[in-house]
2 protein chains.
Amino acid sequence: MTVAGEDTARRELLRYVERFALVLREAGMAPMPARVLAYALADDADRYTAADLAEGLQVSPAAISGAVRQLVQWGLLAREREPGTRSDLYVLDDQDLWSRFIGAELSTLDRFIETVAAGIDVVGLDRPGGRRLAETRNFLAFLREQLADAVRRWPAERDRRATDR
Amino acid sequence: MTVAGEDTARRELLRYVERFALVLREAGMAPMPARVLAYALADDADRYTAADLAEGLQVSPAAISGAVRQLVQWGLLAREREPGTRSDLYVLDDQDLWSRFIGAELSTLDRFIETVAAGIDVVGLDRPGGRRLAETRNFLAFLREQLADAVRRWPAERDRRATDR
DNA sequence: CAGAACCTTCACATATTTGTGAAGTGTGTT
DNA sequence: AACACACTTCACAAATATGTGAAGGTTCTG
């Protein structure tokens, strides 16, 4: 492949990264974390330095700094440090990545459920609003169970699907 | 209860609505739709005119207009019109509300899955990034199945839980 | 121990989002 | 037909979020 071809593929990758990031943003993620996650997923390396990410995405190191902090906190990236080197390495744990992602969503869901439960106390179960909130809490609790269950079953399910074909 | 007591309860309700709306916003909802949904859920009426919502939330009718449009589009509010009256009524369908909510999430998830699948074509299955995207698509597809299943089972599950106690 | 490389923090300019008031549109009433 | 009411659309001001460059730490190298 020529150098020009490499550049074209690169530009195409970046265009795709923006597209992917847009979907993540619509799901509530901030722009820069979305870009970094999309880029780290779609590009070929399985570990990136902050400089890799900054250069690859054509953004400043400062922007990377904030983005990876979020992603690490959510468990989507792991920060590693090779002994005898000066740069952090950000690693995509592709085995557990999406289980972690949903794990983070479960925490959000927990806050959600707590907040709804608090509302039941504020409004009171004797009023229509309170009964609606109670129903909401029950549904969300059920959903949480089901989600947690699905995440738990995924590794086995993946293996099953892989051997099936 | 005195008039002053009513006012206090009202203020407390509004404070709670803001708190609830904040959680919805963190989940990606815009502020005004979040407030309207929280208010409609927690207050006692089961149908509201736009004027009710504007006055109840202390915001302009213009803000309500945009918010209810979103909520109606997502299926969280139904717009009704009593014959012989000039105002639209917004109704919370509390039976199906959260099934609808998740239904909307499923659409988001579908776009997500499509976008990831498109990325596999861009990157190619012969590269690590492509394989990660494929794995992502598989997980999301599985998750989608499980979510749809959970939503489908909720009505029966709710009845079962209600009769159990 | 000085220097360099890397990352983070901070202040700021820019872009985006938000909600308002005012004007506009449509519908039913008198 | 004219009016009144309810809702929507639009332009704008304020608030918020975003990403950059520069300055500041920290950790490894020579």
Side-chain angles (χ1 to χ4, degrees), chain A residues 14 17-40 45 47-74 76-91, chain B residues 14 17-40 45 47-74 76-91:
Chain A
L14 282 187
V17 164
E18 276 306 323
R19 189 173 153 204
F20 192 164
L22 200 66
V23 177
L24 290 168
R25 289 173 63 182
E26 279 168 12
M29 195 177 285
M32 203 52 90
R35 282 198 270 270
V36 169
L37 178 59
Y39 179 80
R47 45 193 59 207
Y48 301 85
T49 64
D52 289 339
L53 296 171
E55 200 186 342
L57 282 168
Q58 306 280 2
V59 299
S60 75
I64 298 296
S65 177
V68 294
R69 181 150 41 101
Q70 286 280 8
L71 291 169
V72 166
Q73 185 163 359
W74 294 337
L76 298 180
L77 278 185
R79 201 193 306 260
E80 291 186 359
R81 176 62 72 94
E82 206 71 31
T85 179
R86 232 167 316 186
S87 55
D88 287 333
L89 285 175
Y90 297 98
V91 181
Chain B
L14 282 187
V17 164
E18 277 305 324
R19 189 173 152 205
F20 192 164
L22 201 65
V23 177
L24 289 169
R25 288 173 63 182
E26 280 169 11
M29 196 177 286
M32 203 52 89
R35 282 197 270 268
V36 170
L37 178 59
Y39 179 79
R47 45 193 60 207
Y48 302 85
T49 64
D52 290 339
L53 296 172
E55 200 185 342
L57 283 168
Q58 305 280 3
V59 298
S60 75
I64 298 297
S65 177
V68 293
R69 182 151 41 101
Q70 286 279 8
L71 291 169
V72 166
Q73 184 163 359
W74 295 336
L76 299 179
L77 279 185
R79 200 192 308 261
E80 290 185 1
R81 176 62 71 95
E82 206 72 30
T85 179
R86 231 168 318 184
S87 55
D88 288 333
L89 287 174
Y90 297 98
V91 182

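Computed over heavy atoms, backbone and side chain alike; hydrogens, waters and symmetry mates excluded. Computed from a predicted structure; not experimentally measured. Naming: A, B, ... by sequence-line order, numbering from 1 per chain.
- Close approach of DNA chain C to chain B, defined as any atom under 4.0 Å from a non-hydrogen atom of the protein, starts and stops at C:dT18 to C:dT29.
- Every residue meeting the side chain to side chain contact (heavy atoms under 4.5 Å, CB included) condition with B:Ser60, not counting sequence neighbours, appears here in chain and number order: B:Ala62, B:Ala63.
- Of the residues in residues 25-33 of chain A, not one comes within less than 4.0 Å of DNA chain C through any heavy atom.
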Summarise protein proximity over nucleotides 23-30 of chain D in one line of letters, 5' to 3': B for base, S for sugar-phosphate only, - for none, counting protein heavy atoms closer than 4.0 Å.
-----BS-

Would you tabulate the side-chain donor-acceptor contacts of residues 17-38 of chain A under 3.5 Å, counting partners in other chains and residues two or more places apart, or write 'none'?
from    : atom 1 : to       : atom 2 : distance (Å)
A:Glu18 : OE1    : A:Arg35  : NH1    : 3.4
A:Glu18 : OE2    : A:Arg35  : NH1    : 3.3
A:Glu26 : OE1    : B:Arg111 : NH2    : 3.1

Scan the side chains in residues 48-55 of chain B for donor-acceptor partners under 3.5 Å anywhere in the protein, sequence neighbours excluded, and list what turns up.
from    : atom 1 : to      : atom 2 : distance (Å)
B:Tyr48 : OH     : B:Ala40 : O      : 3.0
B:Tyr48 : OH     : B:Asp43 : O      : 3.3
B:Tyr48 : OH     : B:Ala45 : N      : 3.4
B:Tyr48 : OH     : B:Ala45 : O      : 3.0
B:Thr49 : OG1    : B:Ala51 : N      : 3.4
B:Thr49 : OG1    : B:Asp52 : N      : 2.9
B:Thr49 : OG1    : B:Asp52 : OD1    : 3.3
B:Thr49 : OG1    : B:Asp52 : OD2    : 3.2
B:Asp52 : OD2    : B:Thr49 : N      : 2.9

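- Under the salt bridge (Lys or Arg N to Asp or Glu O under 4.0 Å) criterion, B:Asp88 pairs with B:Arg79, B:Arg81, not counting sequence neighbours.
- When rounded to the nearest whole Å, the span between CD of A:Gln70 and P of D:dA17 equals 12 Å.
- A search for side chain to side chain contact (heavy atoms under 4.5 Å, CB included) contacts involving B:Glu82 returns B:Arg47, B:Thr85, B:Leu89, not counting sequence neighbours.
- For residues 54-66 of chain B, proximity to DNA chain C is found at B:Val59, B:Ser60, B:Ala62, B:Ala63, defined as any non-hydrogen atom under 4.0 angstrom from a strand atom.
- Within the structure, the salt bridge (Lys or Arg N to Asp or Glu O under 4.0 Å) test picks out no pair touching residues 63-74 of chain A (sequence neighbours left out).
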